[in-house]
Amino acid sequence: MKIIDLRSDTITLPTDEMRRAMYDAELGDDVFGDDPTVKRLEALAARMLAKEAALFVPSGTMSNLVAILTHTRPGDEIIVGSESHIFWYEVGGASTLGGVVLRTVPNEADARLDPAAVAQAIRPENIHFPHTTLLCLENTHNRCGGAALTVEYTAAIAELAHGHGLMVHLDGARIFNAAVALGVPAEKLTAPVDSVGFCISKGLSAPVGSLLCGTGDFISRARKWRKMLGGGMRQVGVIAAAGIVALQTMVDRLAEDHTTARRLADGLAGIPGMGINPAEIQTNIVIFESPETMSGPEFIQRLSEQGVKVINRGGRTVRAVTNRMVSTADIAEALERISSVVKNR
Ligand code: TLP
């Protein structure tokens with residue numbers, strides 16, 4: 001039985017072109033600044049997001065952590081969405097290693113933070129209060145079902161934050177999904193923010209890595225934090241090479257993942273008892289409720305026995321993420337299998 005893996009777009013394997021580029025990559029010791037391939041990837045990333053400079057880091061988690069460490073000082077307070085990846089899935093690193101307090105503002109279903117709620121969360125000067133120094137956004141938004149923040153919203157919320165003296169960091173792990181879905185260049189979505197991190201290891205299909213982008217000064221300081229965290233890598237051009245191919249060849253095809261996500265959602269809506277609104281699907285993440293007749297974990301287990309892998313997001317909430325390894329035919333097959341699991345209950 002063919003396994004249809006919808007757990008995440010992180011499961012995508014490098015393409016043949018990436019593997020060839022990795023084999024042929026010109027290398028050097030990147031801690032000495034000697035790896036030409038890493039430099040090419042960093043320059044390309046900075047150019048694509050219209051920032052002065054970029055830094056290659058091992059993961060999206062490290063790109064967010066390094067950004068927070070670089071923007072803040074211990075004792076500061078930072079504003080993050082209540083559903084943000086930084087708050088949920090980064091092991092509390094910002095607080096543990098950066099000594100910052102995370103103040104959450106509720107994410108709307110469409111991933112936005114209400115500007116009035118953000119304004120209210122920013123601390124005025126008072127001897128009792130920590131300084132609020134950073135606002136973190138996420139685009140596309142993982143827990144908000146892959147929702148994309150628009151250029152207009154990003155500009156308005158960044159202006160509000162800047163008006164109060166805050167910096168703005170964007171967790172843009174899937175920023176190219178947002179750009180493709182909205183039909184705008186990614187740089188328009190990142191222009192209003194001071195720093196942005198994105199992953200080449202998700203839908204873009206490179207094996208490892210993320211790029212943190214910002215001003216030249218910010219990136220020089222970030223480079224030192226990366227070193228402290230043990231993220232200074234040596235002949236890392238061997239993986240950066242795949243990232244260059246990813247940025248050159250994999251961005252436009254993300255639209256295919258959005259189409260398969262929509263197909264999956266439409267199909268799920270036709271299965272009795274399934275909780276989903278296909279109109280809400282904007283990119284490659286599909287979040288739905290399994291039927292009441294089964295618990296979430298039981299549903300996931302039964303699907304897994306049928307070779308369909310998804311993840312449980314707590315309760316009956318299920319997440320499926322379309323990706324390059326899953327074709328239109330695979331989606332049709334997955335729907336058949338899901339339907340039979342539900343029927344044979
Ligand atoms: N998200 C992963 C898991 O951690 C849940 C996934 O499968 O979606 N920001 C966002 C918005 C992310 O979705 C992720 C990864 C990260 C940061 C962290 O990236 P990595 O996994 O490279 O540390």
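Ligands are counted one by one from 1 in listed order, and the atoms in each one are counted from 1 as well.
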Identify the protein heavy atom lying closest to [atom], giving its residue, its atom name and the separation to 0.1 Å.
atom	value
atom 7 (O) of ligand 1	S8 OG, 2.7 Å
atom 19 (O) of ligand 1	K202 NZ, 3.1 Å
atom 11 (C) of ligand 1	E138 OE2, 3.3 Å
atom 23 (O) of ligand 1	T61 OG1, 2.6 Å
atom 20 (P) of ligand 1	G60 N, 3.4 Å

Looking only at heavy atoms, is any part of [X] under 4.0 Å from ligand 1, and if so is it the side chain, the backbone, or both, or is it neither?
X	answer
R319	side chain
H141	neither
A173	side chain

Donor + acceptor pair across side chains of [X], [Y] (<3.5 Å):
X	Y	answer
T283	N177	no
S195	H71	yes
D217	S220	no

Which heavy atom of [X] sits nearest a heavy atom of [Y], and at what distance?
X	Y	result
F176	L49	CZ-CD2, 4.0 Å
G81	T104	O-CG2, 4.3 Å
L44	Q248	CD2-CG, 4.3 Å

For a quick test of your reading: what N or O donor-acceptor pairs under 3.5 Å do the side chains of residues 19-33 make, sequence neighbours left out?
from : atom 1 : to   : atom 2 : distance (Å)
D29  : OD1    : V31  : N      : 3.0
D29  : OD1    : R234 : NH1    : 3.2
D29  : OD2    : R234 : NH1    : 3.2

ask   = If you measure from atom 4 (O) of ligand 1 to every heavy atom of E90, R174, H85, which option wins on shortest distance?
value =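 Going through E90, R174, H85 one by one, H85 has the nearest heavy atom to atom 4 (O) of ligand 1.
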message = For atom 9 (N) of ligand 1, tell me which residue out of V208, I285, D171 has the closest non-hydrogen atom.
response =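 Residue with the shortest heavy-atom distance to the ligand atom: D171.
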Pairs under 3.5 angstrom only: tabulate donor-acceptor contacts from the side chains of residues 143-158 to other protein residues two or more places apart or in another chain.
from : atom 1 : to   : atom 2 : distance (Å)
R143 : NE     : E83  : OE1    : 2.7
R143 : NH1    : Y89  : OH     : 2.8
R143 : NH2    : E83  : OE1    : 3.2
T150 : OG1    : Y153 : N      : 3.0
Y153 : OH     : L113 : N      : 2.8
Y153 : OH     : L113 : O      : 2.5
T154 : OG1    : T150 : O      : 2.7

inquiry  = Any nitrogen or oxygen of N142 lying under 3.5 Å from a nitrogen or oxygen in ligand 1? Just yes or no.
reply    =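 Between N142 and ligand 1, an N or O pair is found under 3.5 Å apart.
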query = With atoms numbered from 1 as shown, which atoms in ligand 1 lie under 4.0 angstrom from a non-hydrogen atom of S59?
reply =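 With S59 as reference, the close atoms of ligand 1 come out as 22 (O), 23 (O).
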